[in-house]
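Notes follow once the structure below has been shown.
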Number of protein chains: 2
Amino acid sequence: MKSPLEKARKNPESMKARILAVARRLFGEYGFHGTTTRMIAKEVGIDISTLHYHWGDKNDLYEAVVMDVNNDLGRELLKVEKTVHDSSLEERLNVSIDQMMDYLFDHPEISNLVLLRYFSKTRNEVDVDFKVPEFSGDIARAMGLAKDAKNPSPRAMMKVMSIMNGMHSFVSGENFFRPMLNLDRKNYIRAVKETLKFILIPAFVLQEGKTKKGRSSGSASAKN
Amino acid sequence: MKSPLEKARKNPESMKARILAVARRLFGEYGFHGTTTRMIAKEVGIDISTLHYHWGDKNDLYEAVVMDVNNDLGRELLKVEKTVHDSSLEERLNVSIDQMMDYLFDHPEISNLVLLRYFSKTRNEVDVDFKVPEFSGDIARAMGLAKDAKNPSPRAMMKVMSIMNGMHSFVSGENFFRPMLNLDRKNYIRAVKETLKFILIPAFVLQEGKTKKGRSSGSASAKN
DNA sequence: TTTTGACTCCATCATTTGATTGAATACCTA
DNA sequence: TAGGTATTCAATCAAATGATGGAGTCAAAA
């Protein structure tokens with residue numbers, strides 16, 4: 001029993017998948033109200049009614065986009081977690097930042113959509129959520145900030161959210177920041193990675209053990 | 001010779017100022033396309049045509065809002081800079097974070113509007129900009145990251161942007177994050193300040209002096 | 001008192017936008 | 001190939017939206 005979303009993913013050439021892909025990009029760029037169904041249809045090269053035929057109304061399509069992005073993000077986080085599983089905390093942060101940033105810069109609409117969802121309201125409430133709490137809990141555990149991924153402390157959650165926000169911000173803000181810094185894309189990406197490492201690593205690594213017992217590889221500082 | 005914006009500020013009871021205040025909040029909450037002139041007029045309790053009489057079309061009003069927010073933010077940054085002028089870097093960061101966060105949490109629409117401007121496009125380009133480069137340059141100089149506020153290095157700019165983004169994110173994302181963490185407002189604000197200090201202070205304080213030639217934590221292990 | 005100008009609203013437009021209908025076309029199966 | 005199903009589009013609707021013209025109100029100036 002496949003969901004329509006899975007079907008669409010399965011065959012990226014299908015009309016349904018093509019619409020989803022374009023919708024994902026445009027919703028990310030212009031937000032919910034800034035994107036019209038006509039914009040999407042035009043970009044795909046089809047009539048609006050075809051769009052409605054496949055995805056229902058605008059809200060349904062938006063929810064599908066959010067779920068789609070959510071799936072992708074979760075899958076990637078899992079991959080990163082597997083990759084860095086046995087390293088020291090510093091190494092884990094280094095590699096995670098590199099890998100996540102490469103991924104996000106390849107799919108900037110993910111960051112766009114996540115941030116828009118945090119920061120902006122929609123007039124007609126859409127009730128599909130990014131699984132931020134679940135994701136953040138997992139990351140917190142993986143970073144040694146929480147023992148139980150199901151019950152991370154607020155402080156641990158906030159540290160994780162800081163990390164994710166920092167990453168998303170530079171991806172999503174590329175159009176704004178990069179011209180300002182006058183960097184080409186490659187150098188911008190490199191600079192972002194370095195900046196994130198500059199900011200994040202000392203916090204988690206240098207304060208390790210400052211509070212408690214610190215396995216050099218495991219539990220980071222913060223008792224909270 | 002007063003600009004209409006200054007006039008509006010001068011007399012907060014004036015219709016023009018009331019419209020501006022409401023527009024500021026709503027544009028921050030719903031973004032440009034998510035806010036209709038009717039929403040604004042209704043909230044103020046006036047007819048749409050009155051709104052147009054005072055502020056011209058929707059774009060003009062939005063530009064006025066952006067400039068207004070820009071002024072406020074610049075003024076506050078200046079105030080913070082004065083306050084922390086003679087302290088150590090660590091103390092400067094501590095106080096700046098406390099003061100800026102109190103200010104931003106009192107005026108959350110500022111963070112909303114700044115972030116929306118970074119991250120989201122508007123269909124019809126509005127061409128008023130936040131003075132991010134100027135502001136960031138000043139902050140970079142104030143933090144000892146750049147000698148000349150006019151010519152900060154890209155890296156210094158990005159560090160400053162990291163700080164500002166981190167601050168804005170938690171203010172703007174309050175509606176999303178706070179219920180997730182199940183904190184009341186007071187405790188949320190306290191937790192945000194602590195988290196920001198946890199993240200930011202080590203980076204800038206512990207690495208002070210190291211930043212000149214070789215960054216310490218950067219690409220140590222990451223060869224990209 | 002009259003006049004002037006600033007302000008406000010009612011009525012109304014033109015366009016945009018989300019959405020549907022029904023006819024056509026492509027595709028598939030028996 | 002006949003019959004049916006899935007897909008696509010042109011035409012069209014109703015509501016929402018940005019915007020304006022003109023009449024009415026009011027206070028201050030002349």
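Keep in mind the model is a prediction, meaning the values are calculated, not measured. Residue numbers start from 1 in every chain, and the chains themselves are labelled A, B, ... in the order their sequence lines are given, proteins ahead of strands.
- We find that NZ of B:K58 is positioned 14 Å from C1' of C:dT15, with the value rounded to whole Å.
- Which of C:dT8, C:dG18, D:dT8 sits closest to the side chain of B:Y53 comes down to C:dT8.
- Between the CG atom of B:L61 and the P atom of D:dA19 there is a distance of 10 Å, given to the nearest Å.
- Spacing between atom CE of B:M15 and atom P of D:dT25 amounts to 18 Å, rounded to whole angstrom units.
- Between B:Y188 and B:F105, the two ring planes are perpendicular [angle over 60°; tilted spans 30° to 60°].
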Mind running salt bridge (Lys or Arg N to Asp or Glu O under 4.0 Å) on B:E134 and B:K150 for me, showing each step along the way? CA-CA 7 Å; B:E134 291 84 332; B:K150 302 293 165 218; over 6 Å; no

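- Here the side chain of A:R38 is nearest to one of C:dT17, C:dT8, D:dC9, namely C:dT17.
- A donor-acceptor contact shorter than 3.5 Å is absent between the side chain of B:R123 and the backbone of A:Y30.
- Remark: P of D:dT7 and CD1 of A:I19 are 11 Å apart, rounded to the nearest angstrom.
- Mapping B:D47 and B:R123 onto DNA chain C via the closest heavy atom, the residue that lands nearer the 5' end is B:D47.
- Across the protein-nucleic acid pair, A:I40 atom CD1 and C:dA19 atom C1' stand 14 Å apart, rounded to whole Å.
- Closest to the side chain of A:H52, from the set C:dT8, D:dG18, C:dA19, is C:dA19.
- In terms of polar N and O atoms assigned as donor or acceptor, the side chain of A:S49 comes within less than 3.5 Å of the base of D:dA10 in a complementary pairing.
- Map A:N59 and B:G45 each onto its nearest nucleotide of DNA chain C; the residue landing nearer the 5' end is B:G45.
- Contact annotation for A:I46: backbone-only contact, meaning every heavy-atom pair under 4.0 Å involves sugar-phosphate atoms and none involves a base.
- No more than 12 heavy atoms of other residues, nucleotides or ligands shown are found within 6.0 angstrom of CG on B:N182.
- Distance NE2 (B:H33) to P (C:dT16): 14 Å, rounded to an integer number of Å.
- Of the two residues near DNA chain D, A:H54 and A:I48, the one whose nearest nucleotide lies more 5' is A:H54.
- Rounded to an integer number of Å, the gap from B:L51 CG to C:dC7 C1' is 14 Å.
- The distance between atom CG of B:D57 and atom C1' of C:dA14, rounded to the nearest whole Å, is 16 Å.
- Both tests hold for A:K58 against A:F32: distance to the six-membered ring centre under 6.0 Å, angle to the ring axis within 45°.
- For B:T50, counting side-chain heavy atoms from C-beta on, the closest listed nucleotide (C:dC9, C:dA19, D:dT8) is C:dC9.
- In this model, the phosphate group of D:dT17 is not approached by any side-chain N or O of B:T37 to a distance below 4.0 Å at OP1 or OP2.
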